[in-house]
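For the numbers below, each heavy atom of this structure counts, side chains included, while hydrogens, waters and symmetry mates do not. Proteins come first, then strands; the chains are lettered A, B, ... in the order of their sequence lines, and each starts at number 1. On a predicted model such as this, the values are computed, not experimentally measured, just so you know.
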Amino acid sequence: METKAFQKIYTKITQITKATCSLKATGIGYEEMAIVHGRLAQVVKIMGEDVTLQIFSGTEGIPTNAEVVFLGRPPVLKVGEELSGRFFDAYGDPIDGRPAIEGEERQIGGPSVNPVRRKQPSEFIPTGIAGIDLNNALVTGQKIPFFADPDQPYNEVMAMVALRADADKIILGGMGLTNDDYLYYKHVFENAGALDRIISFVNTTENPPVERILVPDMALTAAEYFAVDKKQKVLVLLTDMTLYADALSIVSNRMDQIPSKDSMPGSLYSDLAKIYEKAVQFPDGGSITIIAVTTLSGGDITHAIPDNTGYITEGQLFLRKDTDIGKVVVDPFRSLSRLKQLVIGTKTRADHPQVMNAAIRLYADAANAKTKQENGFDLTDYDERTLNFAKDYSTKLLAIDVNIEVDQMLETSWTLFGEHFSKIEVGIKQEFVDKHWPKENEVK
Amino acid sequence: MEKINKMTKGTVAGIIANLVFVEVDGPVQQNEICYIDLEGTKLMAEVIKINGTQAYVQVFESTRGLKVNHTVEFTGHMLEVTLGPGILSKNYDGLQNDLDKMDGVFLKRGEHTNPLEDEKKWGFKPLAKAGDVLEAGGWIGEVKENWMPHKIMIPFKFKGKYTIKSVADAGEYTILDEIAVVTDEKGKEINLTMTQKWPVKLAIKAYKEKPRPFKLLETGVRVIDTLNPIAEGGTGFIPGPFGTGKTVLQHALSKQADADMIIVAACGERANEVVEIFTEFPELDDPRTGRKLMERTTIIANTSNMPVAAREASVYTAMTLAEYYRAMGLKVLLLADSTSRWAQALREMSNRMEELPGQDAFPMDLPAIISNFYSRAGFTYLNNGESGSITFIGTVSPAGGNLKEPVTESTKKAARCFYALSQARADSKRYPAIDALESYSKYAEYPELQDYFRKNIDPEWPEKITLARDILIRSREVSEQINILGDDGVPVEYHERFWKGEVMDFIICQQDAFDKVDCSASLKRQKEMLNKVLGIYHTNFTFESFEEVGTYFKRVINNMKQMNYAIYESDSYLEKEKELNSIIEERKTA
Ligand SMILES: Nc1ncnc2c1ncn2[C@@H]1O[C@H](COP(=O)(O)OP(=O)(O)OP(=O)(O)O)[C@@H](O)[C@H]1O
Ligand SMILES: [Mg+2]
C-alpha cells in the first residue's frame, strides 16, 4: 500500500472503539484516508486536534502505539480501459493475482450529475425474460432492484439478465457474496466469453462486513468513467444491497448514532439514493443502468431497507416461486417498472401495452377465482377458463427460464387469449384484435 | 460595539459530515449564511446553533477535504432568494442557483450561479406615479414575463409608507437599472431597481388580510374536484406508500390546475422525474392559455442525490417564490414532492447535533415546523384591493406505508385536504389510487365553499357529493358481505348496490392520467358525469340472477369509460351517450 517517505507517522492512539480509533493530528482533511496498523481507515470526525478514524476491517488487535499514516486524499479508484476483465476487492485492489492497474486516480463517491444535463431514458433493454420485457420493460438509465427472499435464485437471474442485455460494460458490485456465488459469477462470465467487458468489485462473506460500504462507490466510479469518458452503455449489478445497508447500521450503531426504524441509520434514504441516483442517461449515448438485489426477510417490504429502496428506485421486480407450476416467476402484480411507459408500444410493437394489461387483468381474475375455490365457492365457466389461462401464462411467459424475443411474447399472449377467451372478454382495442387475434380461434 | 459593516470571520474547529463547528471572532445571528473557504472553493453554510464563540453551521455541500483552521466568512444575512423578473421557466436548485448556467456534466462544489439575468431588457410600464404613497409590496410598475404581467414592487423589507418621487418612463430596462425613486417617512430618498432579496425562512406578509378560502381551485381531477375539492389558497397533502402514484398525481395537477403559475419543488426525489418535466413541459400546451406549460412553471430541484442540507432550503425557496408571485395578484399553485425528505433532512441534522429525539428520531419540533410552513399558503387580499393566492399540496412518503408515523401525523394537523393513496387500489390499477372515502376535504364543509358550489356548479351540489360518498360506502359494505357469504349467499339487490358503487368508482374516481382527453375534466363535464352516475343509482333495474348484474354493469362502465375518453360533446361522445341511454332502457324497471 502507498506510503510516501516524507509522511508523518503518528504512534499515539488516544481512544479505540469497536469500529474507530482517535488520535491527535493536524492538517487532516475530512473523509481523508489513512492506514492504521496496516489497515485502511477513513476520517469520520474532526474536533480540534482530535481526529476519529473508521477502520473498515475493524479494530481487533490494534494497539495504542500502532502506526498511523494519513494518505492526504479521499478514497480513490484508478480508472482506465485496463479495468476491463479484472476483479478487485472493496478498496479497488486486484484479487485476481494480476498486477494493479495504471490509470488516472478518481475520487469515489463524487458529485451528482446536474439534472439539466440528463436525458430522459428511452432505450429499451431486452432480456428475453417475459416477466421483465413484456410486463416490466427495462430502460437504459433506469435503477431497479430485484426484491427476493434469500432462497430465490436472484444471483442467477441477474447474471442472465446482464449477459443478455446489450451493454458495453457490465460492472458487478458484490457485497457479502458467498464465495460460492462469487465463483458462480466468475464462472458464468468466463463461460459466456464475456470477461473482457466485465469488471468486478467484490466483498465476500469472508471479508470484514464494513468494507462493503465502499463497493457501490467503487463500482459506480468505474461506471462513470466508461459512461462519461467513453460514452458507453454500462450496466451495474449490485448484490446484495440489504447486506450493504446492514453494514451501514453496524457503523452507525458503533458510532452511537440514534437509530431510526428497524435499527437503520436515519440517513438510510440519502445513503441509498446517492448510490441509485448514479443511474443516468446522457444525451451523447453514454448511460448507467443499475440492477440491484434487495433480499427481503419473509417477503416483508415494509422493512426499512426495501421500503427506502422502493421510494428511490424506478420500480422493483419480485421473484416468487409459483407452486402451481413449480417454477420461479417474476410476479406480475407486485413488480413494476416505472420507466416502461417510455418504451413499450413505441420501441416495441404497438399492441404491447394493451396485451400486457389484458393478460395481467385476466391473471388477476384467475387469482380471484382461486380464492373463491379455496373458500369452497362454486366456480363459473369463466373462472375455470381463467385458471387454465393462468397456468399457461405462468409456464409459457412468466417463468424466468423462458428466453424469447418480445414479438414472440406478444404472439404467445395472443395465442393464449384465443385459446381461453372470447374477444369481448379480452377487451383489447379493435384494431389490434383484427390484426393479431389467432385465425384458428376466429369464431370466438 | 461592532461596526455594522465589519463582517464576522471565523475558523473551522471541527467537522462531522456536513455539520461544522466554527470559532467566530464577532457577532453572528441564527440562520446567518457563511462561506467556508476550502482552498479556494467557497462552501455555503447556514448557522443552526450558537454556543459561546462557537457557531454550529450546516454546510449545503460536501465537506470532503475540509480541514480545521480553514477560514470562514459570515455574510450578515440569512439565506435569501433574489426576486425579480426572469424567475418563470427557470430550473433552480434548492438554493436558487440557475442549473442551466452551470458548466459541465457534474455539479461542482462552491459553484453559485445568478438566478436572474443582469443584462436582459424588460419592457417596463409604470403603474404608480409621483406622489403616490405605497407600502411594501405596493405596485410601482410591471413588465411582461413570458405572457404574464410581472409587478415591480416596493421591496418587502421596507417598513412603513413610501412616497413615490419618480418612476421611470415606459421603456426597456434591465433589472439593475433604476426604476423609481421613493422617499421614506423621514424624507430619505431611496433608489429602486426591479430586484430585491428576501430571507426564505420568513413569510412575506405584504398583504392586507387572509380570509378563509372560499373559491374552488379546479384541478381537472374528478376525485379531487368532485369528491374532495381543494380551495384556491388551500392546503392539501398526498400520503402514500411508494409506487402508489404521488408523483404522477402531482404532475397531473401541475399540468392541468387552473393556476397562473406553478412552482414544482422536487425535494429529495428522483432526478429522472425532474427530467420528465424538463422534457415535456416545454412541449405541452397549457390548456387554458394555449401557451407552453413551461411558460408558467418554475422548478426547484433538489433531487435525492443533491446535498441533503439544501433540501430543507429548497421548500422554503419554493414557498418564498410563491409568496412573491402571490403579491403580484396571481393564483399560484405550489407542489412539493416529497415533504418527508425534508423532514428526514431535519432528522439527520438534529441527530448529528445530538438533540433529544422525538418519535422515530425526528426532531421534537417537527409538527411546529410543518404547520408553520403550511400556514404560509393562503388566499390574500393585497393592500391595493387585488387578490392573490398560494395553494399548496405536498406529498408525504410514510415509512413502511404506515400513516401513523410522525411526518404524516404532523402534516395531517397542518393541511386541510387529505388525499390518501391506497396500496390496494394501486395494486389493482385503480388510478389515481386516492381512496375517496379515507380522503377528506375540510373545505367541502365550509359554508363559503358550499355557497360557491351552489352558485357556480349546481344548487344541490353539496347534497349530491354526500350522496356520491354514501353510494361508495354502501358498495364497499355489500362487497365485504359478498366476500363472506358468496355470490349467491346474498340477494340479487346486493349485487346491484355493489355495482352501482363500482360505476361511481370507475367513472368518477378513476381517471387515466396518461390519456390526452381523460386526464383532465372540466367542471361542467364532471357535473354532467356525476349526474349520469347518480341517475343510474336512482334507476331501478330488473335482474334474474347475480351473474346478469355484473355483466350488465360492466357494459355500462365500459360505455361510460368511452365517454370519458372522448372529447367532450364530440360526435363520438354524443354517440356513446345515446348508447348509454339505450343500455339503461334495456333493463329499466318499468
Ligand atoms: N394515474 C395513473 N395512471 C396510470 N398509472 C399510474 C397512475 N399513477 C401511478 N401510476 C403508475 O404507478 C407508477 C408509480 O407512480 P408514482 O411515481 O407517481 O408513485 P409515487 O407514489 O410517487 O412513488 P414514490 O414514493 O416511490 O415516488 C407510475 O410509474 C405508473 O406506472
Ligand atoms: Mg414519487
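- Among Q107(A), Q142(A), K143(A), K261(A), the residue with the largest count of heavy-atom pairs under 4.5 Å with chain B is Q107(A).
- Here the straight-line distance linking atom CZ of F278(B) with atom NZ of K119(A) works out to 15.5 Å at 0.5 Å rounding.
- Contact annotation for E355(B): only backbone heavy atoms (N, CA, C, O) come within less than 4.5 Å of a heavy atom of chain A.
- Interface remark: P121(A) contributes side-chain atoms only to the contact with chain B (heavy atom separation under 4.5 Å).
- Minimum interatomic distance between V275(B) and Q120(A) (heavy atoms only, all atoms of both residues): CG1-N, 3.6 Å.
- Of the charged side-chain nitrogens involved, none lies within less than 4.0 Å of a carboxylate oxygen, so that R334(A) and D427(B) do not count as a salt-bridged pair.
- Proximity to chain B is absent for every atom of Q257(A), based on heavy atoms less than 4.5 angstrom apart.
- Contacts of P115(A) with chain B are made by both backbone and side-chain atoms, with heavy-atom separations under 4.5 Å.
- Only the backbone of A13(B) comes within contact range of chain A, with heavy atoms under 4.5 Å apart.
- Contacts between R118(A) and chain B at a heavy-atom distance below 4.5 Å involve backbone atoms as well as side-chain atoms.
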Show me the side-chain donor-acceptor pairs of residues 266-276 of chain A shorter than 3.5 Å, one per line, residues at least two apart or across chains.
| unit_1 | atom_1 | unit_2 | atom_2 | d |
| --- | --- | --- | --- | --- |
| S267(A) | OG | D271(A) | OD2 | 2.9 |
| Y269(A) | OH | G268(B) | O | 2.5 |
| Y269(A) | OH | R341(B) | NE | 3.3 |
| S270(A) | OG | E348(B) | OE2 | 2.8 |

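- Only the side chain of Q341(A) comes within less than 4.5 Å of a heavy atom of chain B; its backbone N, CA, C and O stay farther away.
- Under the rule for a side-chain contact (heavy atoms from CB on, under 4.5 Å), the partners of E548(B) that lie at least two apart in sequence or sit in another chain are F543(B), E544(B), S545(B), R587(B).
- Looking at D262(A), neither its backbone nor its side chain comes within 4.5 Å of chain B, counting heavy atoms on both sides.
- When atom types are taken as modelled, the side chain of S112(A) and the backbone of N305(B) share a donor-acceptor pair closer than 3.5 angstrom.
- Across A271(B), A266(B), A361(B), the residue that shares the most heavy-atom pairs under 4.5 angstrom with chain A is A271(B).
- For chain B, the nearby part of V228(A) is the side chain; its heavy atoms alone come within less than 4.5 Å.
- Only the side chain of R311(B) has a heavy atom closer than 4.5 Å to any heavy atom of chain A.
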